[in-house]
Amino acid sequence: MSDLKNNINLQNLSGSALDTRGKVLRVFVSLGKLVLLLGLLYMFICSLDILSSAFQLVGGKAAGDIFQDNSVLSNPLAGLVIGVLVTLLVQSSSTSSSIVVSMVSSGLLTVQVAVPIIMGTNIGTSVTNTLVAMTQAGDRSTFRRAFAGATVHDFFNWLSVMVLLPLEVATGYLYVVTKLIIDSFKIQSGEAPDLLNVITDVLTKSIIELDESVINGIATGDPEARNRSLIKRWCQTFTNTTLMNVTVPGPENCTSPSLCWVDEIINECKHLFVDVNLPDLAVGLILLALSLLVLCSCLILIVKLLNSMLKGQVAAVIKKILNTDFPFPFGWVTGYIAILVGAGMTFIVQSSSVFTSAITPLVGIGVISIERAYPLSLGSNIGTTTTAILAAMASPGETLANALQIALVHFLFNISGIILWYPIPFTRIPIRLAKNLGNITASYRWFAAVYIICCFFLLPLFIFSLSLAGWQVLVGVGVPLIVMFIIIIVINVLQKWKPGCLPVVLRSWDFLPLWAYSLAPWDKVVGVITAKCCCCCKCCQVTVDNEAHTENESVENNKKSHTEVYDNPAMSAEKEVENEIKIELKILKMTQL
């Protein structure tokens, strides 16, 4: 019994009974972890930049070819899908948006035609953090939270497009409002600032540097751009102006070519692939593999480091700071401050993909709740549009109005989506959808890959194929599918809340085959396929164990509430320790009596 007392005392005094040497060592270890975390975060951001360059090398020219077909772009649905697919190809909404801006500036596209494409780029950029969440599939609880935190961004973008695209086609309100803004203000051109790029370009430009004008040239119909490489080989360093007549006091007074000439000092670029005799596709595949390896390695190390740093009371304090609302009656302000924080952080890193991918591990380990990650993601949507606005303001004076109007369309689209899906708690449907999807993917982890393939590849390609066939085919096939989808949703809602309103047959889906309304039969098929693909008995045994664990966990998930499922594991562990101490103290009191 004395040993039990000693254990309890050690647990209670472990944080305060350290000597001076132990405290100094703890401080140095904490500082070392912080420096290592910042270094890993820097490498993570740089790997995302290299990943974007790799995707541009692999599919950049194809993206330019897609944008070149103006007859297809005139269809709003086709324009939406092209915006999604091109952003997936280049993995950068800023790149795809700049292509659209250049086409509008050159007169190849009107602003009205470019609006659906801008909406599509908003959807395509959200796939990056969803892919980052896939790297946390090792632990089911972490994967549940991470995937839900990533897909809440997807659901917001898809739902916003489903409402605002038909509204824009019917009324053109985005075009009208932004046109009024452009005409009302006297806007002068400026330069887009480089913030985080100043730090990351030191590393990324030493690895690869791309010529962005090639993709824009293909999109705008330049025949010479198709034969040029995306890899930048010659970099202009500075311009030297030499006077021919000594009576001219300076270069600013050089009013005639006969008085002076301009020499552009152009040197060879210094990146690794400047002298490599490989096609763009080969270089892109090499960079794609290396960047994915570095990205996944950094992400795994970041998660493990955060788990070691953010545990116990530290996790409790951080979670309380991040997720606690302001006191009544100002609790509603907290979410809007989170939106501003997300917009500001995205403006600093100049990439919504980087910001949302960086907070995904924090959601996975439970430090940031999904309810708080949602407004942060909405703020990142706004932040990336402010960067586009500043970039558009760097356009020449004759094309400034159209370029800035497209950037404002992107901004107003996201503001309209926030008004639809955030102010009223009942309308925060993306949170509920993301949590349900997180529960499904935690039980059936293969469904996460199915979701990404279907939502970002198969569905856009299906809509694009129907739109190419003409409005008659699109309406004839699309309308029945949409009506059937709405009917299924209504029946599901009534089955949960008002089953008495439905006929007896429709009060459950039991009249259908099991595979039509449950993923369990499909999970067995996936398990069998995985078992056949295994090369050794150990892999097969792991598959069988995973199937058994999936069935057990699905039963446990039905018993748990959503607050327990999405709670902070570090705080849960702390509560378990406290409960164990309380039990031991009760046992001590009983034995003393």
Side-chain angles (χ1 to χ4, degrees), residues 55 59 66 77-89 91 93 116 119-137 143-144 146-163 165 353 356 360 377 429-469 473-474 477-489 492 509 512-527 529-530 550:
F55 274 110
I66 292 174
L77 281 177
L80 173 73
V81 173
I82 285 175
V84 175
L85 294 177
V86 169
T87 308
L88 289 175
L89 284 174
Q91 279 296 289
S93 60
M119 293 183 182
T121 61
N122 216 54
I123 294 175
T125 191
S126 63
V127 73
T128 307
N129 59 323
T130 308
L131 292 173
V132 168
M134 290 284 290
T135 62
Q136 302 187 31
F143 186 49
R144 174 187 287 111
F147 202 78
T151 53
V152 72
H153 195 194
D154 304 345
F155 284 117
F156 168 79
N157 289 331
W158 280 108
L159 290 173
S160 298
V161 167
M162 290 171 62
V163 174
L165 180 60
S353 300
T356 53
T360 297
S377 298
I429 300 175
I431 296 178
R432 295 193 290 272
L433 294 177
K435 284 188 173 183
N436 290 332
L437 183 60
N439 292 331
I440 294 173
T441 52
S443 299
Y444 309 101
R445 282 179 283 190
W446 53 268
F447 189 75
V450 174
Y451 163 79
I452 292 175
I453 294 172
C454 289
C455 283
F456 292 102
F457 293 98
L458 295 183
L459 180 61
L461 288 174
F462 177 69
I463 297 174
F464 184 67
S465 302
L466 291 179
S467 62
L468 287 180
V473 177
L474 181 63
V477 177
V479 171
L481 290 176
I482 294 174
V483 171
M484 183 177 66
F485 183 70
I486 294 174
I487 291 174
I488 292 173
I489 292 176
N492 276 320
W509 298 109
L512 294 174
L514 185 62
W515 58 266
Y517 62 92
S518 174
L519 292 176
W522 297 102
D523 187 55
K524 293 180 180 179
V525 173
V526 172
I529 295 174
T530 306
T550 299

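Basis for what follows: all heavy atoms, side chains included, without hydrogens, waters or symmetry-related copies. Numbers here simply count residues along the sequence, with the first being 1.
- Rounding to the nearest 0.5 Å places CG of Asn157 at 9.0 Å from OG of Ser377.
- Atom CD1 in Ile123 sits 5.0 Å away from atom CG in Leu80 (nearest 0.5 Å).
- Checked against side-chain contact (heavy atoms from CB on, under 4.5 Å), Leu458 has the following partners two or more places apart in sequence or in another chain: Ile453, Cys454.
- No donor-acceptor pair under 3.5 Å is formed between the side chain of Ser518 and the backbone N or O of Trp515.
- Asn122 places none of its side-chain heavy atoms less than 4.5 Å from the side chain of Thr87.
- One N or O on the side chain of Thr360 and one on the backbone of Thr356 form a donor-acceptor pair closer than 3.5 Å.
- Rounding to the nearest 0.5 Å places CZ of Phe155 at 13.5 Å from NZ of Lys435.
- When all heavy atoms are compared, the tightest approach of Phe457 to Ile452 is CD1-O, 3.8 Å.
- Side-chain atoms of Thr441 and Tyr451, non-hydrogen and from C-beta on, never get closer than 4.5 Å to each other.
- The minimum heavy-atom distance linking Arg144 with Gly438 is given by the pair CG-O, 3.6 Å.
- The minimum heavy-atom distance between Ser126 and His153, with the atom names listed, is CB-ND1, 3.8 Å.
- Considering every non-hydrogen atom in both Met134 and Ala448, the closest pair reads SD-CB, 3.3 Å.
- Distance check: Phe447 CZ to Leu437 CG gives 6.5 Å after rounding to the nearest 0.5 Å.
- By the side-chain hydrogen bond (donor to acceptor under 3.5 Å, both in side chains) test, Trp158 pairs with no residue at all, sequence neighbours left out.
- Shortest non-hydrogen contact noted between Thr151 and Ala434 is OG1-CB, 3.7 Å.
- The side chain to side chain donor-acceptor pair (under 3.5 Å) contacts involving residues 454-464 comprise nothing, where partners must be two or more places apart or lie in separate chains.
- Legend: residues meeting ring pair (Phe, Tyr, Trp, His ring centres under 6.0 Å) with Phe143, ordered by chain and number and at least two apart, are Phe147.
- For Pro480, there are no side-chain contact (heavy atoms from CB on, under 4.5 Å) partners two or more places apart in sequence or in a different chain.
- Taking Tyr517 as the reference, Trp509, Asp510, Leu512, Leu514 meet the side-chain contact (heavy atoms from CB on, under 4.5 Å) condition, with sequence neighbours excluded.
- Thr130 pairs by the side-chain hydrogen bond (donor to acceptor under 3.5 Å, both in side chains) definition with Asp154, not counting sequence neighbours.
- Shown here are the side-chain hydrogen bond (donor to acceptor under 3.5 Å, both in side chains) partners of Asn129, two or more places apart in sequence or in another chain: there are none.
- A heavy-atom distance below 4.5 Å is found between the side chains of Pro430 and Leu159.
- A distance of 12.0 Å separates OG1 of Thr121 from CG of Leu85, quoted to the nearest 0.5 Å.
- The number of heavy-atom neighbours closer than 6.0 Å to CH2 of Trp446, taken from other residues, nucleotides and ligands shown, is above 12.
- The backbone N or O of Phe156 sits less than 3.5 Å from a side-chain atom of Ser160, completing a donor-acceptor pair.
- Of all heavy-atom pairs spanning Ala146 and Gln136, the tightest one is CB-OE1, 3.7 Å.
- With sequence neighbours left out, Val473 forms a side-chain contact (heavy atoms from CB on, under 4.5 Å) with Leu466, Ala469, Val477.
- Counting only residues at least two apart or on different chains, no side chain to side chain donor-acceptor pair (under 3.5 Å) pair has a member in residues 453-462.
- Looking at heavy atoms from C-beta onward, Pro116 lies out of side-chain contact with Leu77 at the 4.5 angstrom threshold.
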